[in-house]
Structure formats: C-alpha cells, structure tokens
Amino acid sequence: MSLLQLEGLAQHFNVGGGLFSKPAKLRAVDGVTVSIQKGETLGLVGESGCGKSTLARSIIRLYEPTGGRVIFDGTDITHLSEAELRPFRRRIQMIFQDPLASLDGRMSVRELITEPLDILKIGTPRQRRERANELLETVGLSAAHAGRYPHEFSGGQRQRIGIARAIALDPDLVICDEPISALDVSIQAQVVNMLEDLQAKLGLTYLFITHDLSMVRHIADRIGVMYLGKLVELAPAAELYTRPRHPYTRLLLSAIPVPDPAVRKDAPPATDEVPSPLDLPSGCRFRTRCPLASEICAKIEPEPRDFGGGHLAACHHADESAPTTPITNPERENA
Amino acid sequence: MSETAAPRASALQARLAELSRFARAFRRNPLGMVGLFIGLLLILAAIFAPWLATHDPYAPDFGGRLTPPGAEYWLGSDELGRDIYTRILYGSRITLFIVALVIFTSAPIGLFMGVISGYFGGWIDAVLMRITDVFLAVPKLLLALAFVAVLGPGIVNAALAITLTAWPPYARLARAETLAVRNADYINAIRLAGASPIRIIARHVVPMCTSSMLVRVTFDMAGIILIAAGLGFIGLGAQPPLPEWGAMIASGRRFIFDQWWVAAMPGAAIFLVSLGFNLLGDALRDLLDPHAVRRT
C-alpha cells in the first residue's frame, strides 16, 4: 500500500497585482500525480525553479495546496485543520537544504532536538534529554555536542543535527529537500550513506529532492523528473538512466559532468531559456526547447503514458527514437 | 545528575563569556561610556535624592528668593527661594518615572502589534498597520497634547499620552523583524512538529526582535524626556509644586534675562540627560543592531 499519494496536486501563487491590475498566476506545481510506497525512496529531480521544493512544502502543508489531494496513509490531509493535522505532523518530517538556516542559532543542539518532543509532550524532560543524546549518537555526533550552538559546527555536522531533529519524532516519511546540495562533495556521500543506514534501521520512506542526478541514482528506487511544475517522467532508477523516454530527461542526463577529461562532451542539444512559469507555452510545456517538437506538441498537452514496468512519460514522441545510451552523442561518434 | 549539571554550567559560562565580550566591545566606545555614565548618574540621583539634597525641595524661603548660584544655593534659587539643585535632584525621579512608565507600556504594545501583524499577515496585518499609520501621521507632541487635554493634566496622564504616541514605531520595527524570520526554515521546521503560533511567536520570533527593540528604546528615551518636559512646560504635565524640569523652566521663563539660572539649570539637566541617552543608544546600535554596518 502506498504511504503517500498525490493526486493532481497543484500550487498556484498570485504574483503582483495592484488595485487596478489582476495578479498573474504562477503555476509552481501544476498537477502532480505520484505515489510513494512504504519503505521506498522516490527521487525527484529537475532544474531550479521547476517546483520541487514547492511540491515538498505543499505536501507538508507549509503552503496550502490550491488544487488536488494529498493522501497520507489512506487519509486525505489536504484540507485538515491544524489541530486535525497534528497526529500526522510527527509522521512526516523534513530535512532542509541549508542546515544553518533551518536551525535557530540561539538554541543549543539539545534544545533544537528536544523541541519537537517538547511540543508534542513526549516523555519527561529527562527522557527527552536522553533521547537527544541517543539521536546525536545515531547521526554520528556525540552527547558531548549537545550543549553547543549551531555556529560551532561544520556544514556536514549541522546537517546531521537537522537529520537528528527530523527523526526525533520517529516519522514514517522524511522529505529531504536538497539535503546535500549545500555540502562539500566529500561530505555528501557520508550524509547519503547515513540516510540509507537510517532508512534500513528505522524503516523510513524518503522523498528525496535534488538537482544532482549523479547522487540520486545511488539512493533512489524510483525517480521522477519535474519540468515547470509537472512530472514529465517517472521510472525505476536504473531504467531512467539507461532508457530515458522524455527528451527533457535525456537533456538532463547529457548534462551530467563526466569525471574524465578524455570524454569531452558536446554542448547539450537544447540551449533555450526555460519559459517563465507565469507564461507557459501552449500544449507541451517543454516544446520550446525540445528537439522532437512537432505540430501536435503546440496543440495538445501530453498526458503521462505507461511504457511498462512502471515507466511513465508525458511526451507525444516518447515511443520514437529512444536512444539506449543517453550520454553519448551520435554526432560525436561519427567524428 | 552531574551529567545534566555540566552542560548547564557550560551554557552559563557561554552566556557570561558573551556578556564580557559585549562589555569589552562597549568599553572601546568612549561616547557610549559617557552616555552610560550620564544614565547611571540620573538613576543614582533619583535613588539618593534625599541624601544628596541640600534643602527641602518644596519649602519656600522668601529671604533667599532668586539668589544666584553660590555656596548656599549651588545652582541658585527660584522665585520662591527653593534650591534649584535640590529640585533638579528630585525632578530626576519624575523624569525616570515617566520614562519607565512610557517604555514599559509602549514597547510591549508595539511589540505585540508588530509581531502579530507580521506573523499572520493578510487582513490582520492590513488593519493593524493602518491603525499604526493613523498614529504615525500626527506629530508626536501634538498628539500627546490632544490626549492630555482630554485626560487632564498630571504625570500619569502625560505618560499615558506619550505612550499612545510612542508605540507605533515599535510596531513597525517588530513587524519588519517578524517578516524577515517568519518564513525562515527554522520556523518551518518547528511548525512541522505541530508548534502553535503562540509558541513560535513567543519562543522564536520575539527573541529575534529584542536587540533591535532595545536599541530603539534607548534612542526613544531622549525623545520621551523632551516630550514630557514639553508637556510640563505648557502646564499639561506635572503640576506645581512638583519639581518637574519642564515646569521649572516654565516658571523661570519670566526671569530669563535677569535671573537666567532659574530656567537654564533645569534646561541643562534635560539637555544632558537627552544627550546621554542618545549617545548610549548610538553605542548600543553599533553593537547590537544586525542591520547597522559594523565598525571595528
């Protein structure tokens, strides 16, 4: 059974607008349907501004979704009041991108980690303190760190504190909003490994949001690709890398840097600017940058189609010319 | 037990270390020290007035009317033969009382309005801020004047009138600070644990506002003293025979060319104290205000 189910989730914002002008509608998330199974890790990738983080914040109701439904463990939580939401709060937690911004600098590490327990009145103050020490050990810090303040730690350590806080309530689902993109590459792998260990130990389910395609491959079971507020492709991780269906996914994959100077790649095929989410193109929203775009793309917005094995892609031309190796460019081989 | 006592001690040590760092930085600012000195002088004068005074502040002595400053009357005597030095000492009590009353009422009101307005936004923000704007639109002294005229003269009424004019800047300030932090991720993180708005505001938003509020309060003290003296001067503040500085200037006005000290001495006291609070505020802003450019 799926733990989290999104049905056409939409988050539109009104931008600008004054006394005499109508506000423009910014479609940050524009109808995302996906479900996450218990215990799995769903990766969510896309360029900055494609609505990944907004989606995360809509799921946990930091924003009020403007359309669609969020179903958590069988309950529709989209329109619950804050009081009704309370029992679900502890089951869905989040790890933020910037660990320093997500930790109140005037609180000690112990206070930071025990605060969620205080709020939900779990255990006695003494038990909470012990739990904080335990959690610090779990994330690879020590109880001796509990009296210190966030600015005394390195970026990687701060993120560990953020993770300790997120798992303090023993959640089912943890939304990781670019948890590693603010960290050094050397630290990224450590944090990813720790997240995997925690998942195995605590039976966590992850929604792992990132723009780093090379890292998400290692942690995600399935990967969704977002473009301008829509999910354009969703496939098991290995399948997505070997047989991408959507031209946007291919574009992203071709942009992954290869750590080998001998492999010099050509420039990515599409170079146009991303259209503004305030003024989306008609039909398929990727058509302005798409090498396969044809007449139908301007007229009809493609719906996700199933290509078997849980591989969905929203493209009119997804069944044509699917190259098996996305990294290599055919022109380069001729040269 | 020792396990829990140790970190608490280290937290206390950290606070103390921070305090001593702050004190060291403050000592490097000579003007700030002057301001602090004047402020302390005012407080000490108010506390020890009965012991420092040389005469009775109220008893007239018609033999010694309008005596120039000298050995008997250090700062001269007024038209009823009362010692001006003694009256200034006792007047510091009234000044401090008004300042304290205004600060302890206007700062919490402003903080409350501003934080509520900034945190909840929307129509609550619009309504509260328009009310604030109405108060800000009228010059302070004029507004205070109108309120005292309605409430009737007196020290407490003068203080209340000043409060009504003093809270809007605090509301603006607190709102701005709140807007800056209300969507911060650390607030979101706490919201995710199900924290109520009251808890978020009390534990995470208000503490963020305190340092800039403190700076603003110190600056405002000078203004409050001036308005209080102004109200006293036109007879709407403290009433005679209370030795309020503004009222003292008003009574000395008649003798200003021949017996200048009657008006000049309380005027000098007002000047000195306002200057002191301004200097202190300046120094505190340099140290506490995160928005100000740090000078080293």
Between the side chains of A/Asp73 and A/Arg91, is the shortest nitrogen-to-carboxylate-oxygen separation below 4.0 Å, so that they form an ion pair? yes
Taking every non-hydrogen pair under 4.5 Å, which of A/Arg148, A/Glu115, A/Met94, A/Arg86 racks up the most with chain B? A/Glu115
Is there a donor-acceptor contact under 3.5 Å linking the side chains of B/Asp220 and B/Tyr170? yes
Would you check if A/Ile95 and A/Ile175 make a side-chain contact, meaning some heavy-atom pair closer than 4.5 Å? no
Go through the atoms of A/Arg61 and report whether side chain, backbone, both or neither lie under 4.5 Å from a heavy atom of chain B. neither
For the ring pair A/Tyr63 and A/Phe13, is the centre-to-centre distance below 6.0 Å? yes
Okay, B/Arg199 and chain A: the region with an atom under 4.5 Å from a heavy atom over there is side chain
Could you check which of B/Ile190, B/Val181, B/Asp185, B/Ile187 has the highest count of heavy-atom pairs closer than 4.5 Å to chain A? B/Asp185
Answer key: most heavy-atom pairs under 4.5 Å with chain B among A/Arg90, A/Glu82, A/Gln93, A/Arg106 is A/Arg106
Can you find a heavy atom in the side chain of A/Ile113 that is under 4.5 Å from one in the side chain of A/Val109? yes
With a 4.5 angstrom heavy-atom cut-off, which part of A/Ile60 approaches chain B: side chain, backbone, both or neither? both
Looking at chain A, which one of B/Ala195, B/Ser196, B/Gly194 has the largest number of heavy-atom pairs inside 4.5 Å, strictly under? B/Gly194
Close side-chain approach of B/Trp123 and B/Asp125, heavy atoms under 4.5 Å: no
